[in-house]
Every structure is written in structure tokens, then in C-alpha cells.
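Reviewing the structure listed below.
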Protein chains: 2
Amino acid sequence: MSAIKERRERERAQRHQLIITAARELAEAEGWEAVTTRRLAERVEYSQPVLYSHFRGKDAIVRAVAIDGFGELAAHLRRARSAAPEPRQALHAVCRAYLGFATERPALYRAMFVMPTDVKFAHAETPPQLRASFDEFVSCFRPDNARRELSAEVVWSALHGIAVLSDSGRIPPDGQKERLDFLVTRLADTAS
Amino acid sequence: MSAIKERRERERAQRHQLIITAARELAEAEGWEAVTTRRLAERVEYSQPVLYSHFRGKDAIVRAVAIDGFGELAAHLRRARSAAPEPRQALHAVCRAYLGFATERPALYRAMFVMPTDVKFAHAETPPQLRASFDEFVSCFRPDNARRELSAEVVWSALHGIAVLSDSGRIPPDGQKERLDFLVTRLADTAS
DNA sequence: ACATGAAATCTAGCGCTGACAGAAAACAGG
DNA sequence: CCTGTTTTCTGTCAGCGCTAGATTTCATGT
């Protein structure tokens, strides 16, 4: 009887993740406009109300997708930074990786940083994966730089601006490299 | 008979603007989620289909609001730049004005720079008000700076990033001044 | 002054959406 | 095999953007 309950919970957890994955795939394939509760339910081969037994509502599903994304972003940035031989190149590599992430997974990126959210940023309840992503930027600045957190914040904001303006067609897609180089050159640590 | 037609067209133009204004006011008061064609129609005291005799659809109304906004932003930035005594302060003043605009009219700002749009940016068909806004940034850099357009683009992007992340609660509202100062210091023309 | 025809406007409805209440089915335990 | 709980589904709600077709308004010609 305990074993049965365990199996059920296991299956339930699988289905939970299945919903998140399906939502993400659908969003990446056709955009978030196409992610309706009905289409999502059809895709996971359950009826619509089942979604509400896992999530409070559609917003909560988007949020779950976003949190998955935070983990991937942190790993992505970490990989980029580790591969860079020295600090100055580290910032460049992390920034390039960030923009690449945003460009290659626009729907996921939107869930994380554009769509309305109640996820806490820069707060005690901030998801650790998100904190980790931010820390990748912080680590690109010298520990003795009293304003490295501020620097990280501004770099992140600037990258975000470039990412979303480019994604929505408000700045031309070519010239990203120039913008990136310019930004990094100006915002990197001044030579000690 | 010609006079009648003229009066009608005048009234029609007034109603056109009335719809735009009502949409904007409703959005600024309750957010764009609250701007439905029904509520908007009720507010202008006409039936819903009348909206569609003026605009192709809801998107077109949002776009009209945005274009109004571009004009206001250009004027706002121009005022700020004119009031600054010298170039270095000009960039600072324009950036501060930009962030102020975004903060004080978040709904209008969203229509202009966040919501999906088919307005052409950096293009021959770009609305002149929008081009003018961009040029205010360009003018903050020295004419002999070969990369002043690039600089303007990056400054704008960074400000946009700060504006939207702050508006959606993804960076703390306090510290805006520090971010602004930091950004301007780093991105301004290097001393000739 | 009244009928006519066009123009402007409204009523009613379509196919969607997110969300939920209550019926139905599945299933473990006696 | 029956019982009671848990799970899942059917059916529905109010509201969305949008539109076809009925209705009203109104300048015009007799």
C-alpha cells in the first residue's frame, strides 16, 4: 500500500515534468501565443483540468518553465566562463554566451525575463539557479572591485536590452557582435 | 454637401483620436490586460464594431498609441538635452530623461518598446518621431566619433534593459541612480 | 413634405481563451 | 464481489477579438 502510493507519486512527478516540457516545446515551436491549456492538455494526452491539479494556473506553468531555464542558463554561463583563460576574456565569453542563449531559445528566454512573473529577483527567496546565473557575471569582475555587483547588474541589464530589442525586431540583427564588443570594452574592469 | 462631408470627416478624426486616448488612459490606469475592445468601446460610448471601422484590429490601436508616444519621447529627450550646458552632461540628462519617461508612463512605454509590433525600427519607413528620439542619443556623442551611432544604440539598449527589468520587478527599484551614473560614465565619449 | 438609397451604427453571434463544478471512472482494501 | 476514496473527464462559464447582417440615421430628389 505504501509501495502503491510511492508509484503514484512517482508517476505524478513524471507527468508534472511532462507538462513543463510540453509547454516549453510548444512555446519554442510556435511561440507562447500557441500555448493554450487545451493544446497543452492534448499534447500530454490528458484532459484540460489535469493541468490544474498540478499547477495553480497557466502562469504557474510558465513560471516552472522559467525556473528550468534558470538552471540551464547558469550552466551555460558557467561553461563559457570556465573555458576562458583569463578574466578579461571571461566577461566577453559570458556575455556572448548570454546573448547566444537568448537568441537560440527565444521562447524560453521570454518566460524567464519578459513575461510577467512573481519570481523574486535579488531577494532571499530567489531561486538558487537564478542567483547562480547572476554570480557568473559578478565573478567576471575583480574581487577587489567594490562595485562588481553594480557592474554585473548593469552588464546584465544591457545584455537584456540588446536581447529583447533584437528579438522583437527593434534593432537590426546584424551588428550584434559590434554591440557586444563595444559593451564589454566599456564595462569591463578598468586595468588595475 | 461638401461641407457636410467635411464635418463628418472632422468628427471621424476626433473619434479616431478619442479611441487612441481612451486606450492609452485605460492602459495607464489598469494596464494593457484591462484594455479589451469591449471596455474600450464602452469608454468611448460607441459599440464595439466601431473600433474596427477605425483600426484594423486591437494591435493597430496599440500601435497608434505607441506612435503618439514616440513623439512625446522625442520632445521629452530634446528638452532634457537642450537644458544641459555641455555635451557630457547632455548624455547624462538624456539618459535620465529616458528612464524617467519609462518609469512614469510604464504602459505607454510597453506599447512602444515591449509589445509585439510591426513598426519598422532603423529603416526607411521608421516613423520620424522615433528616428528623432534615436537622434537625441546620437547627438550626445561627438560628431567626429566614428561610432556614435553604435554608441547610441548600445546606450539605448542598456537603458531599455534597465527600464524593463526594473518595471517587471526583476531588478530592485532603488539603485537606479547608481546604475545610470555607472552606465553614463562608462559609455560617454572618451575625453577627446 | 415625403419617399429613396446610401452611409453609419448596432445587435447578435462565432470560435476561441483560462478556469472550474460536478459526474464518471478507476482502483485499493475488506 | 462490494465499498469508499482518489483520480480523471465531460460540460459549462464568463470573457476575449472579431465580423456578418439587420437596423437606424440622414442627405438627397421629387
Side-chain angles (χ1 to χ4, degrees), chain A residues 1-20 22-24 26-27 29-66 107 110-111 115-118, chain B residues 1-20 22-24 26-27 29-66 107 110-111 115-118:
Chain A
M1 104 176 194
S2 174
I4 287 171
K5 204 158 201 171
E6 278 178 31
R7 173 183 54 84
R8 286 221 173 151
E9 279 179 18
R10 214 166 43 235
E11 286 172 353
R12 190 175 169 77
Q14 275 178 9
R15 196 173 59 181
H16 189 90
Q17 192 56 47
L18 179 64
I19 293 171
I20 297 174
R24 173 174 169 173
L26 194 48
E30 306 183 39
W32 282 106
E33 313 75 43
V35 182
T36 71
T37 55
R38 275 168 245 269
R39 286 200 63 185
L40 187 52
E42 190 190 16
R43 203 168 161 119
V44 298
E45 297 180 300
Y46 281 92
S47 74
Q48 202 194 0
V50 166
L51 303 179
Y52 293 88
S53 76
H54 285 272
F55 300 94
R56 179 183 291 270
K58 196 187 166 183
D59 290 356
I61 298 176
V62 174
R63 195 177 130 196
V65 171
R110 280 191 55 199
M115 296 171 80
T117 189
D118 52 3
Chain B
M1 106 180 195
S2 174
I4 285 171
K5 205 159 201 171
E6 279 179 28
R7 173 183 54 83
R8 287 222 173 149
E9 280 179 18
R10 215 166 41 235
E11 287 173 352
R12 190 176 169 75
Q14 275 177 8
R15 196 173 58 179
H16 188 91
Q17 192 56 48
L18 179 63
I19 293 171
I20 298 174
R24 174 175 169 173
L26 194 48
E30 307 183 39
W32 282 106
E33 313 74 44
V35 183
T36 71
T37 56
R38 276 168 243 268
R39 287 200 61 185
L40 186 51
E42 189 191 15
R43 200 167 164 123
V44 297
E45 297 179 303
Y46 281 93
S47 74
Q48 210 190 353
V50 166
L51 302 179
Y52 293 88
S53 75
H54 285 272
F55 301 94
R56 180 182 292 270
K58 195 187 164 182
D59 289 356
I61 298 176
V62 174
R63 194 177 130 194
V65 171
R110 278 191 56 198
M115 295 170 81
T117 189
D118 52 3

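Reminder, nothing fancy here: chain letters follow the sequence lines and each chain counts from 1. In this text the structure is predicted, and so the values were computed from the model without any measurement.
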Rounded distance (Å) that lies between atom [atom2] of [N] and atom [atom1] of [X]:
| X | N | atom1 | atom2 | answer |
| --- | --- | --- | --- | --- |
| A/Arg39 | C/dG15 | CZ | P | 18 Å |
| B/Asp59 | D/dC16 | CG | C1' | 13 Å |
| A/Lys58 | C/dC16 | NZ | C1' | 12 Å |
| A/Leu40 | C/dT17 | CG | C1' | 14 Å |
| B/Glu30 | D/dG15 | CD | P | 14 Å |
| B/Leu51 | D/dC16 | CG | P | 13 Å |
| B/His16 | C/dA8 | NE2 | C1' | 17 Å |
| B/Glu33 | D/dA14 | CD | C1' | 18 Å |

Checklist entry - Nearest 0.5 Å, what's the CG-CD distance between A/Leu26 and A/Glu33? => result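 Between A/Leu26 CG and A/Glu33 CD, I get 10.5 Å after rounding to 0.5 Å.
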Next on the checklist: For A/Ala23 versus A/Ile61, what's the shortest heavy-atom pair and its separation?
Outcome noted: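 Shortest heavy-atom contact: CB-CG2, 3.8 Å.
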Next on the checklist: With heavy-atom distances below 4.5 Å as the criterion, would you say the side chains of B/Lys58 and B/Leu40 are in contact?
Outcome noted: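 No, every pair of side-chain atoms sits at 4.5 Å or beyond.
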Checklist entry - Under a 4.5 Å cut-off applied to non-hydrogen side-chain atoms, are B/Ile19 and B/Tyr46 in contact? => result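 No. Closest side-chain heavy atoms not under 4.5 Å.
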Item to check | Contact pattern, 5' to 3', of nucleotides 7-12 of chain D - B, S or - by protein heavy atom under 4.0 Å | outcome: SSBB--
Next on the checklist: Suppose the criterion is salt bridge (charged side-chain N to carboxylate O under 4.0 Å, His left out): which pairs have a residue in residues 43-54 of chain A, not counting sequence neighbours?
Outcome noted: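 Listed by first then second residue: A/Glu25-A/Arg43.
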Item to check | Other residues, nucleotides, ligands: >12 heavy atoms within 6.0 Å of B/Gln17 CD | outcome: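 For B/Gln17, atom CD is crowded (more than 12 foreign heavy atoms under 6.0 Å).
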Checklist entry - Quick one: is B/Tyr52 getting a side-chain N or O under 4.0 Å of the D/dT19 phosphate, OP1 or OP2? => result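 Answer is no, no contact under 4.0 Å.
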